[in-house]
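Letters A, B, ... mirror the listed sequences (proteins, then strands); counts begin at 1.
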There are 2 protein chains.
Amino acid sequence: MTNPKPDLWFSFVRSHRALIREIERRLAEAGLPAYGWYDALWGVESGKNGTRRMHELADALVIERYNLTRLVDRLEQEGLVTRARSPEDGRAAYVTITEAGRSLRKRMWKIYETAVNELFLPQFDIKAQREVSEALDQAALAARQSSQSVQ
Amino acid sequence: MTNPKPDLWFSFVRSHRALIREIERRLAEAGLPAYGWYDALWGVESGKNGTRRMHELADALVIERYNLTRLVDRLEQEGLVTRARSPEDGRAAYVTITEAGRSLRKRMWKIYETAVNELFLPQFDIKAQREVSEALDQAALAARQSSQSVQ
DNA sequence: GCGATATAATTGCGATTGCAACTCACTGGA
DNA sequence: TCCAGTGAGTTGCAATCGCAATTATATCGC
């Protein structure tokens, strides 16, 4: 029995589900849209001039392109972002956040941040926060590299 | 700027997505069903006599009841589990894993375990594995308690 | 300069998820 | 005993996701 026990992994997936579920619950309770919208809005807003290319955004959010297309469709319909094609590269599509988008993101952040600060972060001291964060980034990198090495 | 920075949180959600995506990719590549099936099969198999009650299972998997109903529908259709109602409590439904279910779970586990051992666990030393696991369990507990305190 | 290949984004369609409503069975107090 | 309340599980329907194919543009090799 020298094998590593994957307890940590199962704690990881279970806690992720429990936390996301609770965050979604709080957002819904406050009449705000689902959690995924926050990520997308922030991904756009944090780009240069509040703009990002689609594939760059999909990559940052770790979601599939076709799902991003339709997520952005929905955001656009609500007037939270605008979409434009690039004159230089006819394939490229740019997404830009609107004022309404910024405002909604801020309102969502209040709820979201509170939940994270209350439920998640206190379980780690400052040193652990940095270390675990780095370990998780490494794991994400390993996962991406593994998938690319096949493709 | 004494506020906690939620970097750890974002590493958490991003790494989760990247890892799940890569695990799904490997399972699909091996011609095996999606990741969620593993969890469900293990949830059933690990119960007394390879049996569990629906609501107990939903709770363990941290998924909603109505989703479990339909997940079990699919597993049942594939002959991986059987379903039975309780004679004592007419409301209760029991799910039991079949031999085919056990066998499939084992095959999935080979792929799944390899991925976790290769991509995730090596990022943490043994001591960190225990500590982080406990911290995450605490966070999950806090999330559950928070949702219950409202309900 | 032109065909083969690669990249970006999108779309059709079937599978899965989420919400709200529903059925059926147990429980506890008047 | 009977009926309001609660718990377990399921279902209808709309929203979202995942896969494979499609469109449009750019790039590479000759």
Are [X] and [Y] close enough that some pair of their side-chain heavy atoms sits under 4.5 Å apart?
X	Y	value
Thr96(A)	Val81(A)	no
Arg107(A)	Leu104(A)	yes
Arg14(A)	Asp39(B)	yes

(request) Report the relative orientation of the aromatic rings in Phe10(B) and Trp109(A); use parallel for angles under 30°, tilted for 30 to 60°, perpendicular for over 60°. (result)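 Rings of Phe10(B) and Trp109(A): parallel, under 30°.
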(request) Give a yes/no on whether any side-chain N or O of Tyr66(B) is located under 4.0 angstrom from OP1 or OP2 of dG9(D). (result)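 For dG9(D), OP1/OP2 do not have a side-chain N/O of Tyr66(B) under 4.0 Å.
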Looking only at side chains, do [X] and [Y] share a donor and an acceptor under 3.5 Å apart?
X	Y	value
Tyr38(A)	Arg105(A)	yes
Ser146(B)	Arg26(A)	yes
Trp42(A)	Tyr112(A)	no
Asp137(A)	Ser11(B)	yes

Taking [atom1] from [X] and [atom2] from [N], how many angstroms apart are they, rounded to a whole number?
X	N	atom1	atom2	value
Tyr35(B)	dT16(C)	OH	C1'	16 Å
Asn67(A)	dA15(C)	CG	P	17 Å
Arg91(B)	dA8(D)	CZ	P	6 Å
Tyr94(B)	dG9(D)	OH	P	9 Å

(message) If you take any heavy atom closer than 4.0 Å to DNA chain D, which residues from residues 36-46 of chain B end up in contact?
(response)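 The stretch gives none, as no residue of it lies under 4.0 Å from the strand.
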(message) Please give me every residue in residues 70-86 of chain B whose heavy atoms get under 4.0 Å of an atom in DNA chain D, ordered by residue number.
(response)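 Only Arg70(B), Arg83(B), Arg85(B) qualify.
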(request) For Thr69(A) and Arg65(A), indicate whether the former's side chain and the latter's backbone hold a donor-acceptor pair under 3.5 Å. (result)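 Confirmed, Thr69(A) side chain pairs with Arg65(A) backbone.
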(message) Tell me if a side-chain donor or acceptor on Asn49(A) pairs with a main-chain N or O of Thr51(A) at a distance below 3.5 Å.
(response)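 Not a single qualifying donor-acceptor pair exists.
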(request) Pick base, sugar-phosphate or nothing for Glu88(B), based on heavy-atom distances below 4.0 Å to the nucleic acid. (result)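 Since only primed, P, OP1 and OP2 atoms lie under 4.0 Å of Glu88(B), the category is sugar-phosphate.
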(message) One thing to verify: whether Glu99(B) and Arg102(B) come together as a salt bridge, which I'm taking to mean a side-chain N less than 4.0 angstrom from a carboxylate O.
(response)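 Answer for the salt bridge query: yes.
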(request) Enumerate the residues from residues 53-64 of chain A whose closest heavy atom to DNA chain C is under 4.0 Å, giving them by residue number; use none for an empty result. (result)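 Residues of residues 53-64 of chain A under 4.0 Å from DNA chain C: Arg53(A), Met54(A), His55(A).
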